[in-house]
Amino acid sequence: MEYEMKPMNLLAEFTFEPKKIHRGYSKETLHIGLGNKDGKYSIEQRPVSEDMIEKFTGGRGFGLRLLWNAVKDDTKWDDPENEIVIAGGPFCGITQYPGAGKCYSVFLSPATKQTYNSNAGGYFAPLLKFSGFDALELQGKAGRDVVVFIDGDNNKVQIFESTLDDINAYYVSEELHKYFSKDEKDQRTVSVISSGEGARHSYWAGMNFSFYDVRRKAVRLKQAGRGGGGTVLRDKGVVAIVVKRTHFTGLENDPADVSVIQKAGASLHKRIHDHDDEQCRMRSAGTAHLTEIMNDYYLLPVNNYKFGRHKDIDNISSWTYVKHFTQGMADGCWYGCSLACAKAVDHFHLQTGPWKGKEVIVDGPEYETAAGLGSNVGIFDALWTIEANFYADHYGLDTISLGTGIAWVCECYELGLINKEHTHGLDLHFGNKNDIMELIHRIAYAKDDFALAVGKGIAEARVYFHEHYGADLETMKKIGMECQGLEASEYRCQESIAQWGGYFLTLKGPQHDEAWLIFMDMVNKQLPTYADKAEALYFFPNFRLWFSLQGLCKLPWNDIEPTDNGLKYKGLEAAKVPEHLQNYLNIFEAITGKPLTAEEMIRQSSRVYNFERIFNLRMGKGTSAHHVAPDRGLGPVWEDEWNERPEYFDGKLAEFGVDIAGLSIREKIDMLQKFRRGQWEELKTAVYKRRGWNKNGIPTLKTVRDLGIDYPEVVALLEKHLKPEDEFEAE
């Protein structure tokens, strides 16, 4: 095969003896030390203890424990001791049940300044595991641009000096797939982690995990997009991490009883085949099926979350995207996943940027991208969003933070907080497609001070805008959909008190992988009391976290359901999808040989959930002071938002017993915000109590002892921060 790159010089090599996987674990990790720009590399195998398996399970749990051991209390994201830890879990790599190719990347985040974890599909995690490792730890900083190669066929780890001319993701992935393969067919045995030019400058840079699509004969990318993992990767001097493993059967996990997994998988495959078209249409539309549903319920973010629906929704509906997605082709990102949500646009001709005129494959857009780089920036043009999606992936930029961040910038521009002089000639009104696309390109290459500031994220950009442009800081805080340094994902949460918690009472910022409770709370009225909301905000963050421990994708859990689920179960119980929950319990035992109850499932997760909260406390965060909801997240901020639904908002005030006669719209907005601030505080109190935390949002000693994570260093840290006056009174 032909490739453009020059041969790479070998800098270091390590030969390993792979441990056989038994019941889901090899019980070994691979630690790669890049030195500290001194050219000294270290590569070693490290054992995984039984305590690690018992308390942290795998995936995200392993990542957090290994990172805890690697860093110091004052470690910053760009210090050499910060690690990127990539781990699957006991399920990772099975092919008999859909959605088992996931892994989690854990690191100290440049965006949030605390721990972060981000998931990705693709082939990397299974191939790493089949090479004999439960986790990969990458630490230190290389003195030059390097490519790390894990050769699972020949049991070697090699570090090469990169000769790649371009560090953008599609180029890097395509070249390295060819470089490490014998022929076209062999490319499917390779997976590459890369980022892009955005990782040099922006805190929004994620990591792209590749897989080779044999039907399209092309490299596809899946993203661990959030939190700045790509920024950390680039800071370490790593252009790419490559793994290769040629021969595998799908039974490498050595399960205790593969027949149980096969039976559960066959049942789910049939359900997907029979009912996906009438439920979520994942095989034809992927997650983009949500776009018009969110619009119907005023949940679609429009113009920086100001509005919840738009008259031009048909231009970006799933039906529009379905016309662009290639149909009738398997779109799973790991073997055995018939949900096949990894949609792609083939033969797309780029109109802008460094690859203008080139024909490419675009992975997605998924719903978050369709909304974030669509309605939220005021653009209702599917082709524009597809192009923005491609370049975001190519540059390594997270489409969620990019969309939410640019939406905030557009509102700042329309409010006159920034102007054309500040933007270096860009007109950043909502919907201005050409200039918003140009901003994306400028962010990737940090072409000016404005683009560089925007790429650092809302939390840092608003300080820069205030100090250099004189923009009002309080106004920017009100309209910035950000918490803990992370931009919110693409759901308008104003009318769901429970979802306020699902965004702003999270471990790592406002993303929806902890809890998506809007329909239960706002539409179906299944969470009427604060106790109900708190219970949901205890159960679902723990339940969803469980997927991240095992190496599982969440989508097969509830994006396809038994047709009688709503008849058999109600409320919170129905939302658990009990039949699928039981599948996971059965499969866990079938893989590991260890029985698992629904209660112990949540306990597994709760250990890691509380450990992560304590880890963030160690890094100077992890208290109530960092659980801050912006005004835009709780309700209208400006008059035009109120006027979009005046009768609705008047009715909301009436629920508080307010006589609205004679009140101006400004007075109504201020009053509603005041009432909702009170509801927010009540929610925080209820959630903290249910989670076993104190009033300051810190896990109590009783909680960590009950969970068995009362390690001496954990207890010592808590004893420094827990205060008697913050304890809740015993009931």
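Position 1 is the first residue of the sequence; numbering continues from there.
A salt bridge links Asp631 with Arg677: at least one charged nitrogen is closer than 4.0 Å to a carboxylate oxygen. Salt bridge status for Asp145 with Arg234: present, with a side-chain N to carboxylate O gap under 4.0 Å. One finds no salt bridge joining Glu366 and Lys343 here, because no Lys/Arg side-chain nitrogen approaches an Asp/Glu carboxylate oxygen to under 4.0 Å. Salt-bridge formation is detected for the pair Glu438/Arg442: a Lys NZ or Arg NE/NH1/NH2 atom is positioned less than 4.0 Å from an Asp or Glu carboxylate oxygen. Ion pair Lys306/Asp640 flagged as a salt bridge, since at least one NZ, NE, NH1 or NH2 atom sits closer than 4.0 Å to an Asp/Glu carboxylate oxygen. In this structure, Asp296 does not pair ionically with Arg309, as no charged nitrogen and carboxylate oxygen lie closer than 4.0 Å. Ion pair Glu647/Lys652 not flagged as a salt bridge, since none of the NZ, NE, NH1 or NH2 atoms sits closer than 4.0 Å to an Asp/Glu carboxylate oxygen. For Lys113 and Glu460, the salt-bridge test passes: some basic side-chain N is under 4.0 Å from an acidic carboxylate O. The existence of a salt bridge linking Glu641 and Arg632 is confirmed by a sub-4.0 Å separation between a basic side-chain nitrogen and an acidic carboxylate oxygen.
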Test ring pair (Phe, Tyr, Trp, His ring centres under 6.0 Å) applied to His201 and Tyr445, step by step: CA-CA 7 Å; His201 318 288; Tyr445 289 93; 7.7 Å; no
Test log, rule salt bridge (Lys or Arg N to Asp or Glu O under 4.0 Å), inputs Asp363 and Lys222: CA-CA 8 Å; Asp363 279 281; Lys222 302 298 290 181; over 6 Å; no
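Using bins of under 30°, 30° to 60° and over 60° for the plane-to-plane angle, the ring pair Trp408/Phe465 lands in the parallel bin. Trp77 and Tyr203 have perpendicular rings, their planes meeting at more than 60° on a 0 to 90° scale where under 30° would count as parallel. Between His324 and Tyr321, the ring-plane angle classifies as perpendicular under the 30° and 60° cut-offs. Classification of the His512-Tyr491 ring pair by plane angle, with boundaries at 30° and 60°, yields perpendicular.
If you check the side chains of Asp449 and His468, you find no donor sitting under 3.5 Å from an acceptor. A donor atom on one side chain and an acceptor atom on the other are not found under 3.5 Å apart for Gln484 and His626. A side-chain donor from one of Trp204 and Glu487 sits under 3.5 Å from a side-chain acceptor of the other. One side chain, Glu387 or Thr352, offers a donor N or O that lies under 3.5 Å from an acceptor on the other. Ser496 and Asp521 form a side-chain donor-acceptor contact under 3.5 Å, judged by distance and modelled atom types alone. Judged by distance alone, the side chains of Ser210 and Arg220 never bring a donor and an acceptor atom under 3.5 Å apart. Under the 3.5 Å distance criterion, with hydrogens and angles disregarded, no donor-acceptor pair is assigned to the side chains of Glu292 and Ser317. A donor atom on one side chain and an acceptor atom on the other are found under 3.5 Å apart for Tyr648 and Glu495. Under the 3.5 Å distance criterion, with hydrogens and angles disregarded, no donor-acceptor pair is assigned to the side chains of His429 and Glu414.
Here the side chain of Ser202 pairs no donor or acceptor atom with the backbone of Lys456 at under 3.5 angstrom. Under a 3.5 Å cut-off, the side chain of Gln499 and the backbone N or O of Ala515 do form a donor-acceptor pair. Using a distance-only test at 3.5 Å, with no hydrogens or angles considered, no donor-acceptor pair links the side chain of Asn82 to the main chain of Gln139. The closest donor-acceptor contact from the side chain of Arg462 to the backbone of Leu473 lies at 3.5 Å or more, if one exists at all. A side-chain donor-acceptor contact under 3.5 Å links Thr291 to the backbone of Ala288. Between the Thr287 side chain and the Tyr367 main chain, a donor and an acceptor come within less than 3.5 Å of each other. Between the side chain of Glu81 and the backbone N or O of Val71 there is no donor-acceptor pair closer than 3.5 Å. The main-chain N or O of Asp78 is found under 3.5 Å from a side-chain atom of Lys141 such that the two form a donor-acceptor pair. The backbone N or O of Ala371 lies less than 3.5 Å from no partner atom in the side chain of Asn376, so there is not a single donor-acceptor pair. Remark: the backbone N or O of Gly396 is not paired with any side-chain donor or acceptor of Glu197 at under 3.5 angstrom.
To the nearest 0.5 angstrom, Gln114 atom CD is 13.5 Å from Arg618 atom CZ. Atom CG of Asp435 sits about 6.5 Å away from atom CG of Leu428, to the nearest 0.5 Å.
Residue-environment remark: CD (Glu421) stays at or below the threshold of 12 foreign heavy atoms within 6.0 Å. Residue Trp355 places its CH2 atom among more than 12 non-hydrogen atoms of other residues, nucleotides or ligands, all under 6.0 Å distant.
Aromatic ring centres of His422 and Phe450 lie farther apart than the 6.0 Å criterion allows. For Tyr395 and His441, the distance between ring centers is under 6.0 angstrom.
Evaluated for a ring pair (Phe, Tyr, Trp, His ring centres under 6.0 Å) with Phe390, the options Trp384, Tyr170, Phe348 yield exactly one hit, Tyr170. A side-chain contact (heavy atoms from CB on, under 4.5 Å) with Ser194 holds for exactly one of Val147, Val172, Leu176; it is Val172.
Partners of Lys674 according to the side-chain contact (heavy atoms from CB on, under 4.5 Å) rule, which considers only residues two or more places apart in sequence or in another chain, do not exist here.
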